[in-house]
Amino acid sequence: MRGFHGAPGRRGHGAGHGAGSGGRRFADADGKAEIQVALVGNPNSGKTTLFNGLTGSNQYVGNWPGVTVEKKGGKINIGDIDAEVTDLPGLYSLSTISLEEEITADHVAGRKMNLIVDIVDASNLERNLFLTFQLLDAGIPMIVALNCMDILEKNMDRLDVALLEQRLGVPVVPITASKKTGLDELVRRIGAFARIGSDHRPRYSDAVEATISRFQAVTDDRFLAVRCLEDGPKAIARSGLPGAAKDKLTALYEAEKESSPIALDMVLPNDRYERILAIVDDAMKKNDVAKTSPTDRIDRVLTHRVFGIPLFLAIMFAVFWIAFGPIGSFVTDGFVRLVDLLFGLVAKGVEALEAAPWVASLVNNAVFGGLAAVLGFLPQLAILFLFLSILEDTGYMARAAFIMDRVLRKFGLSGKSFIPMLLGFGCSVPAMAATRTLDKAEDRKITTMIIPFVSCGAKAPIYGVIAGALFASSAYYVVFSMYLLGIVVALFSAVLFKKTILRRASANYLMELPDYRRPTLKNTAIHTWERVKGFVVKAGTVLFGAFIVIWFLSYFGSVDGTFRLLGADELEYSLMGIIGKALLPLFRPIGFTDWRPTVAILTGFVAKESVVGTLGILYGISGNAIENGTLLYPVLRSAFTPVQAYAFMAFALLSAPCVAALAAMKKELGAVKWFAFAVAYETVVAYLVALAIFQIGSLSAGGRATAIFLVFAVLVVLLTIRRAFRRRGSCASCYGCSSGSACEHRGNSEK
Amino acid sequence: MTLQDIRPGERCVITEIRCDNLRKRIIDMGLTTGTLVAVKRLAPLGDPMEIIVRGYLLTLRRTEARRIEVSAAAVR
């Protein structure tokens with residue numbers, strides 16, 4: 001579970017200088033110093049750009065709140081000071097609502113840095129300063145890096161930096177991170193700060209101060225007192241204090257809640273924003289000449305009431321068409337030819353060495369076979385990532401979430417779930433990592449568990465080859481229906497999870513729309529490269545090992561009592577063949593009559609792209625089946641009936657994803673229990689769907705009609721039952737609400 | 001009157017936050033009492049809504065908006 005580690009926030013300091021550890025401590029007598037600098041700021045305020053500028057590294061920067069989902073570190077040397085810079089996930093407030101925000105809040109609460117560099121977006125000063133005030137409350141030495149000064153200049157707004165510095169009580173350095181202006185000065189100030197160090201805690205109104213001091217009497221630490229006042233029970237629970245103190249704080253909080261004239265959780269934010277407003281009013285002279293911003297002009301078109309959705313669909317279609325249509329295929333073909341050429345050369349070299357036959361087999365079938373499966377699929381993925389990066393960099397992704405929220409809410413998801421699901425069409429691995437921007441653990445679980453149903457890029461070749469072989473002219477519709485099936489099952493599962501095991505999922509939506517930005521070549525390139533690299537490294541390493549295992553299982557077996565390397569025509573005797581044959585009875589109800597498709601499905605657990613390759617090997621096709629699927633057409637036509645083929649594709653689509661995705665899923669779901677559940681659920685669903693397809697598909701026309709009627713009747717009954725339940729569970733809290741007993745407001749009206 | 005009743009192009013002043021869901025975050029994002037808010041537009045499907053608060057664009061659902069009490073802003 002998440003939470004504080006150790007007992008942060010309490011280091012035995014007296015009142016008033018809780019952290020106090022600031023600049024003074026870390027400079028040694030000889031002037032050598034090592035300091036921990038943390039970059040903290042609102043999402044999308046330019047932290048990662050600044051981090052790259054400071055450390056010279058190439059971290060990806062997005063125009064989508066929540067790009068930094070894990071902390072990243074780098075080093076800078078300032079004279080004789082070594083500064084270790086950490087780029088922390090952005091957050092709006094220390095009162096966190098998402099996992100990534102907690103990473104940063106825990107860092108601050110644990111005072112794991114000597115100096116905070118707080119990045120403040122000068123074009124969005126008021127809201128950014130809210131976090132600045134919260135950070136100042138922590139009493140950790142701080143420098144404010146005032147970013148986006150260029151936007152201010154462009155708008156002809158005037159900002160009195162000296163006044164801001166004086167009012168905040170900490171150094172303020174104007175910078176433009178994207179143009180690297182002001183960074184030298186910032187570095188100089190960081191270096192200077194290492195020696196002097198100072199902190200300045202904001203003072204609030206007398207009434208608020210009195211309340212804070214009542215909390216402080218219990219916590220013995222001003223920052224913790226402020227946190228408890230602000231965030232109530234949550235902050236108290238996470239305070240790391242002994243139980244007795246927690247009880248005292250809870251009692252105090254309840255008492256304050258009773259006596260406060262306005263809602264207690266509004267007290268501090270109200271006072272803070274009043275102070276911020278006073279500072280901004282004095283320091284900022286906004287250019288009054290009213291003009292529509294470029295963002296507004298673009299949004300008028302892209303989020304237009306009528307054209308917004310068609311434009312959105314057109315953009316998404318265009319991205320997938322470019323990646324998987326003629327252009328993508330063209331690039332892939334050229335790339336595969338190049339890879340083949342290279343592999344051919346190496347294979348010849350191995351042959352020339354005259355090593356044992358199993359070595360040649362290992363190199364050709366396991367190493368190259370595996371690499372080809374990954375690499376052959378890479379160009380399309382790279383194109384997909386490139387365009388998604390551009391959409392993200394410009395700020396359109398936030399609009400996509402805005403547009404889609406209404407639709408996804410119906411399925412218990414939030415508009416923010418849209419991005420991870422969309423990425424899922426490319427590859428589940430980055431898609432699952434992207435779920436971390438979702439607010440609640442339950443929402444993240446749901447989205448992570450449904451992503452494997454979304455048909456990823458690696459599954460495309462399966463449909464391509466099989467539909468091409470068996471459905472000829474209507475192949476396009478068949479392939480499209482597979483994508484649709486994946487989406488339907490994913491959304492159905494989301495509803496099911498939310499109604500049953502993950503009732504606490506809220507699918508909240510509250511999102512800032514960032515201003516549109518022109519994507520820079522460098523940033524887009526970095527972003528695409530990072531994702532492609534992540535895919536190749538993560539998938540590649542896992543796949544590589546897995547392909548060797550598969551190769552062993554497929555090419556070794558005992559023939560006539562001797563265990564040996566098998567020839568290409570003896571695969572039936574391989575270990576894999578034995579497993580496939582043993583499992584065949586299990587697969588028979590869903591239409592598998594041959595052990596070969598069974599084995600192909602099994603290899604699909606390693607990598608979906610290997611399903612086609614395995615079919616090629618098992619049916620004894622000479623040549624690369626992945627590269628040229630048409631080679632497989634004749635054997636597939638004789639091995640499958642259309643119904644069998646359709647059930648096979650459905651099972652390949654829905655069954656547990658590849659090893660790389662499983663690894664990502666394990667990481668995001670955390671607990672083994674959830675992971676095991678997700679895998680079991682996916683396998684069962686795949687089996688049931690394939691079963692239904694095959695059994696209904698195999699019936700005669702009349703039988704089919706009966707089956708469809710039966711399914712329809714069951715649906716009607718289920719819906720009626722559901723409606724009855726809904727009516728019983730409804731409340732009068734919110735008009736028109738349909739969430740029934742799952743609603744959070746329900747308690748209010750009943751009290 | 002709640003925020004959900006405000007039409008695009010109109011402004012209002014927050015008088016009370018009554019929603020429990022996301023309450024803390026809504027406050028921290030700057031929707032404190034007395035804050036001037038302008039409704040910018042609705043999403044193509046009518047929900048969520050886009051508002052301008054403290055000089056930036058924030059989008060929120062009507063389920064939250066209907067629990068945010070507002071009063072008409074003085075026309076300037």
Side-chain angles (χ1 to χ4, degrees), chain A residues 92-95 97 121 123-127 130-131 134 230-232 234 262-263 265-266 269-270 272-274 276-277 286 295-296 299-300 303-309 312 398 401-407 409 415 439 506 508-515 734-735 737 739 744-745 747-748, chain B residues 1-5 7-9 11 13-71 75-76:
Chain A
Y92 292 109
S93 160
L94 291 180
S95 314
I97 54 170
D121 182 349
S123 62
N124 192 348
L125 203 52
E126 273 178 61
R127 201 207 54 223
F130 184 83
L131 179 69
Q134 283 188 326
E230 233 195 312
D231 212 8
K234 197 178 168 195
I262 62 167
D265 54 4
M266 295 280 284
N270 267 359
R272 208 179 264 146
Y273 266 118
E274 255 166 53
I276 291 167
L277 206 57
K286 281 258 182 199
T295 293
D296 193 31
D299 265 342
R300 268 185 209 168
T303 59
H304 188 271
R305 268 187 53 194
V306 179
F307 305 121
I309 291 179
F312 162 78
F402 176 59
I403 291 171
M404 291 305 288
D405 181 65
R406 187 81 187 76
V407 178
R409 197 184 322 167
D439 299 342
S506 58
N508 280 329
Y509 177 93
L510 183 72
M511 196 178 65
E512 179 190 1
L513 292 186
D515 280 350
C734 330
Y735 172 75
C737 169
S739 50
E744 291 184 25
H745 303 150
N748 306 329
Chain B
M1 194 163 51
T2 67
L3 184 57
Q4 119 162 301
D5 304 321
R7 281 197 302 238
R11 301 160 163 217
V13 173
I14 309 264
T15 53
E16 204 189 338
I17 306 287
R18 295 229 320 242
C19 58
D20 300 321
N21 191 27
L22 285 172
R23 177 187 171 83
K24 189 74 195 111
R25 179 49 49 99
I26 287 171
I27 296 168
D28 289 354
M29 293 297 270
L31 291 160
T32 55
T33 44
T35 310
L36 183 73
V37 166
V39 174
K40 188 84 191 163
R41 62 170 65 83
L42 302 178
L45 294 170
D47 194 11
M49 65 198 298
E50 181 182 338
I51 62 172
I52 303 176
V53 54
R54 299 191 186 273
Y56 74 96
L57 302 171
L58 182 69
T59 57
L60 76 167
R61 285 182 183 163
R62 295 171 79 105
T63 41
E64 269 78 48
R66 77 156 73 97
R67 309 269 297 168
I68 297 173
E69 297 279 336
V70 297
S71 66
V75 181
R76 284 200 280 181

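Below, chains carry the letters A, B, ... as their sequence lines are ordered, and counting in each starts from 1.
- The part of B/R23 that comes within reach of chain A is its side chain, from C-beta onward, which places non-hydrogen atoms under 4.5 angstrom from that chain.
- Nearest approach of A/E512 to B/L58, heavy atoms of both residues: N-CD1, 4.1 Å.
- Using a distance-only test at 3.5 Å, with no hydrogens or angles considered, a donor-acceptor pair links the side chain of B/R25 to the main chain of A/S95.
- Geometrically, B/R54 engages A/Y273 in a cation-pi contact, judged by NZ or CZ lying under 6.0 Å from the ring centre and within 45° of the ring axis.
- To the nearest 0.5 Å, the span separating CG on A/D296 from NZ on B/K40 amounts to 3.0 Å.
- Closest heavy-atom contact between A/Y509 and B/P48: CE2-CG, 3.5 Å.
- Contacts of A/D299 with chain B are made by both backbone and side-chain atoms, with heavy-atom separations under 4.5 Å.
- Closest of all the heavy-atom pairs between B/Y56 and A/N124 is CB-ND2, 3.4 Å.
- With respect to B/D47 and A/R409, a salt bridge is recorded, a charged nitrogen being found less than 4.0 Å from a carboxylate O.
- For the pair B/E64 and A/L510, the minimum side-chain heavy-atom distance is 4.5 Å or more.
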Could you walk me through whether A/R305 and B/R41 pass the side-chain contact (heavy atoms from CB on, under 4.5 Å) check? CA-CA 9 Å; A/R305 268 187 53 194; B/R41 62 170 65 83; over 6 Å; no

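- The choice from B/M29, B/R61, B/E50 that makes the most heavy-atom pairs within less than 4.5 Å of chain A is B/R61.
- The shortest heavy-atom contact between B/P44 and A/G308 is CG-CA, 4.2 Å.
- Residue A/F402 touches chain B through both its backbone and its side chain, counting heavy-atom pairs closer than 4.5 Å.
- Using a 4.5 Å cut-off between heavy atoms, A/I262 does not touch chain B at all.
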side-chain contact (heavy atoms from CB on, under 4.5 Å), that's the test. Do A/T295 and B/L57 meet it? Break it down for me. CA-CA 10 Å; A/T295 293; B/L57 302 171; 4.1 Å; yes

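- In terms of heavy atoms, A/V407 sits closest to B/L45 at CG2-CD1, 3.4 Å.
- Looking at heavy atoms from C-beta onward, A/R127 lies out of side-chain contact with B/V53 at the 4.5 angstrom threshold.
- Here A/R272 does not pair with B/D28 in a salt bridge; the nearest charged N to carboxylate O distance is not below 4.0 Å.
- Only the backbone of B/L42 comes within less than 4.5 Å of a heavy atom of chain A; no side-chain atom from C-beta onward does.
- Proximity to chain A is absent for every atom of B/E16, based on heavy atoms less than 4.5 angstrom apart.
- For the atom pair A/L513 CG and B/I52 CD1, the distance stands at 10.5 Å (nearest 0.5 Å).
- Considering OG1 of B/T33 and CE of A/M266, their distance stands at 4.0 Å, rounded to 0.5 Å.
- For the pair B/K24/A/I97, no side-chain contact is recorded, criterion being any heavy-atom separation below 4.5 Å from C-beta on.
- Neither the backbone nor the side chain of A/E274 comes within contact range of chain B; no heavy atoms are under 4.5 Å apart.
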